There are 2 protein chains.
Amino acid sequence: MSSMANFQPLYKQVYELLTARLVSGQWKASAPIPSEMALAKELGVSQGTVRKALNQMVAEQLLERQQGKGTFVAEHTQESSLFRFFRLREPHGESLIPRTQVLSSLRRAAKKNEREIFSLDSNEQVVELRRLRFLKDTPIICEKVIQPLSIFPDIDKEPQLPNSLYTLYQEKYGISIVSVNDELRAHTLPSEFAELLELPVGAPVLAVERASKHIDGRVVELSYAYCNTERFVYSVQHK
Amino acid sequence: MSSMANFQPLYKQVYELLTARLVSGQWKASAPIPSEMALAKELGVSQGTVRKALNQMVAEQLLERQQGKGTFVAEHTQESSLFRFFRLREPHGESLIPRTQVLSSLRRAAKKNEREIFSLDSNEQVVELRRLRFLKDTPIICEKVIQPLSIFPDIDKEPQLPNSLYTLYQEKYGISIVSVNDELRAHTLPSEFAELLELPVGAPVLAVERASKHIDGRVVELSYAYCNTERFVYSVQHK
DNA sequence: CAGTGGTCTAGACCACCTT
DNA sequence: AGGTGGTCTAGACCACTGC
């Protein structure tokens, strides 16, 4: 080799390759991926090296392994994905499953900041979706979701949106949300949302601005949510 | 062995043992801990098994490793520990170092919920500390910290509290905060804090209720903070 | 130079699942 | 029984650090 400047550990190269395969969608969520031995033989590395790459992917929750059965693409199914990033719960209590009602959906040109965040061309369109979420039949969150049409073609034509959008993203568009970045503020409730949340105008609400990232690192969804935190809290565990 | 019911992988036993050593404080933060080879020989296991235990501790940010130099107790020093759990920053920007001013400190009997959370006897005392934190010379957070005296003897006698309490906990009391659990709400600002935060009574503020845990899993500190989020946001990254 | 951690391999044995 | 992942070992070589 002419230079060591591009040196990458073998296990990392394997990790990159396998992650690319996962992203490309060539592994079905229902069947196990090839075994350690099969991958090692195919790639010409030792089983231990494949194992190290696979374990890193497990740590990032891209894969799940079961002794004796095999290694599987992590299923970000309804409930688990809802729980994974949805952080509202009863004080000191458990997570709850929210119910969701779609309020409206419209296409419009992307704004300047959206074009920057999503890396869009100047005339591209996005879908702006408004939803109301309920916990225990109480309206608790009013949210606005921004989706680029170039990433989610005709998503506004979907007949019925599931409770968890991330499931739809994965199944219909091959987009796996692996990390989200939330910025939280306290706001006074804007008048346009007061009736929906059954709160007086000016009541304090938690404003959550979220950017969601696909496996490849691109931001593919933005959302802005106003949460009533009278009876529920946003919970964070740092380790 | 008479039964396999208590089977634990070797590396996990090593992990437990080394974590216990770390907690006991017998490793100085300045000097490297024994090398992989030395630990492997002492414990009668292979170097690879020691490595697996050490790498797990690195993943939990209990240790830090540097190629060629050695393995060190993670320094939760001023800046790094402040950044680790302190989540207020400029929108879309970097973390900032807060300045801190102590307002008051008093001893009192533990309340019922505090006795439960800290596992205290019925007549034990706690210290209630009030502080004001500044970002860029703007008062931004008013907080109340609860510390059990049985865990932090005479902490209210400390002549000068550092900007980061966690540093003091580690150096003087052998308490390492390894995880915190925050519950966030939007509140209206109570009148007692309005003047301190230079905000009108009733302004929306972010209320953060935090429980901090020592390595052994015990909650050793509670804090209640009111944050002005007009110019700064509480940032969370989920992976 | 010797000592440290980082990577990579090969092989053994175990526990678990399916057939 | 045969295949899977999980653990453990031993040894080789590399990269970085400090003397």
Side-chain angles (χ1 to χ4, degrees), chain A residues 1-19 21-22 27-75, chain B residues 1-19 21-22 27-75:
Chain A
M1 213 172 292
S2 59
S3 160
M4 282 292 122
N6 297 326
F7 172 76
Q8 284 279 80
L10 255 186
Y11 75 88
K12 199 163 186 178
Q13 299 177 48
V14 173
Y15 165 86
E16 303 284 357
L17 177 73
L18 297 182
T19 300
R21 281 193 192 175
L22 193 160
W27 287 334
K28 307 298 175 192
S30 50
I33 74 170
S35 71
E36 288 182 353
M37 285 304 293
L39 289 169
K41 198 165 186 179
E42 176 203 340
L43 303 177
V45 300
S46 77
Q47 185 198 18
T49 299
V50 172
R51 174 181 292 273
K52 192 162 180 178
L54 291 176
N55 282 343
Q56 185 177 333
M57 295 174 75
V58 170
E60 294 170 7
Q61 294 179 274
L62 301 178
L63 296 176
E64 292 168 359
R65 315 195 76 180
Q66 286 174 263
Q67 189 173 95
K69 294 183 73 171
T71 303
F72 301 81
V73 177
E75 289 187 43
Chain B
M1 212 174 290
S2 58
S3 161
M4 283 291 122
N6 298 324
F7 172 76
Q8 283 280 78
L10 255 187
Y11 76 88
K12 199 162 187 180
Q13 299 176 48
V14 173
Y15 164 85
E16 303 284 356
L17 177 72
L18 297 183
T19 300
R21 280 193 192 175
L22 193 160
W27 287 335
K28 306 298 174 192
S30 50
I33 74 171
S35 71
E36 288 181 353
M37 284 304 293
L39 289 170
K41 198 166 184 177
E42 178 204 339
L43 303 178
V45 301
S46 77
Q47 186 197 15
T49 299
V50 172
R51 173 181 293 272
K52 192 161 181 180
L54 290 176
N55 282 343
Q56 185 176 333
M57 294 174 76
V58 169
E60 294 169 5
Q61 293 179 276
L62 301 178
L63 297 176
E64 293 168 358
R65 316 194 75 178
Q66 286 174 266
Q67 190 171 101
K69 295 183 73 173
T71 302
F72 302 81
V73 177
E75 291 187 40

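Residue numbering restarts at 1 for every chain, and letters A, B, ... go by the order of the sequence lines. Just so we're clear, the structure is a prediction, and the values are computed from it rather than from any experiment.
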Just verifying a value: how many Å separate A/L54 CG and A/I33 CD1, rounded to the nearest 0.5 Å?
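That separation rounds to 5.5 Å.
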Atom OH in B/Y15, atom CG in B/L22: separation rounded to 0.5 Å?
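That separation rounds to 9.5 Å.
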Quick one: are [X] and [Y] in side-chain contact, heavy atoms under 4.5 Å?
X: A/Y11; Y: A/N55; answer: no
X: A/T71; Y: A/M57; answer: no
X: B/L62; Y: B/L18; answer: no

Interatomic distance where [atom1] belongs to [X] and [atom2] belongs to [N] [whole Å]:
X: A/K41; N: C/dG11; atom1: NZ; atom2: P; value: 13 Å
X: A/L10; N: C/dA10; atom1: CG; atom2: C1'; value: 15 Å
X: A/Q66; N: D/dG6; atom1: CD; atom2: P; value: 10 Å
X: A/Q8; N: C/dC8; atom1: CD; atom2: P; value: 10 Å

Return each pair, listed once, that meets salt bridge (charged side-chain N to carboxylate O under 4.0 Å, His left out) where at least one residue sits in residues 28-42 of chain B; pairs must be two or more places apart or across chains.
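Those involving residues 28-42 of chain B are B/R21-B/E42, B/E36-B/R51, B/E36-B/R65.
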Between protein and nucleic acid, restricted to nucleotides 16-19 of chain D and to nitrogen or oxygen atoms under 3.5 Å apart, what atom pairs and distances do you find?
residue : atom : partner : partner atom : Å
D/dC16  : O4'  : B/Q67   : OE1          : 3.0

Which residues in residues 42-65 of chain A have at least one heavy atom lying under 4.0 Å from any atom of DNA chain D?
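Heavy-atom cutoff 4.0 Å gives A/R51, A/R65.
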Taking all non-hydrogen atoms of both residues, which atom of [X] and which atom of [Y] are closest, and how far apart?
X: A/A53; Y: A/V14; result: CB-CG1, 3.7 Å
X: B/P32; Y: B/G70; result: CB-CA, 4.4 Å
X: B/Q8; Y: B/Q13; result: O-NE2, 2.7 Å

Please list, by residue number, the residues of residues 31-39 of chain A whose heavy atoms come closer than 4.0 Å to an atom of DNA chain C; answer none if no residue qualifies.
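Listed by number, there are none.
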Between B/T71 and C/dT4, is there a side-chain N or O to OP1/OP2 distance below 4.0 Å?
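B/T71 to C/dT4 OP1/OP2: no side-chain N or O under 4.0 Å.
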Could I get the full list of side-chain hydrogen bond (donor to acceptor under 3.5 Å, both in side chains) partners for A/Q61, not counting sequence neighbours?
none
List for me each residue that meets side-chain hydrogen bond (donor to acceptor under 3.5 Å, both in side chains) alongside A/E16, sequence neighbours excluded, and say none if there are none.
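Checked A/E16 against side-chain hydrogen bond (donor to acceptor under 3.5 Å, both in side chains); zero matches.
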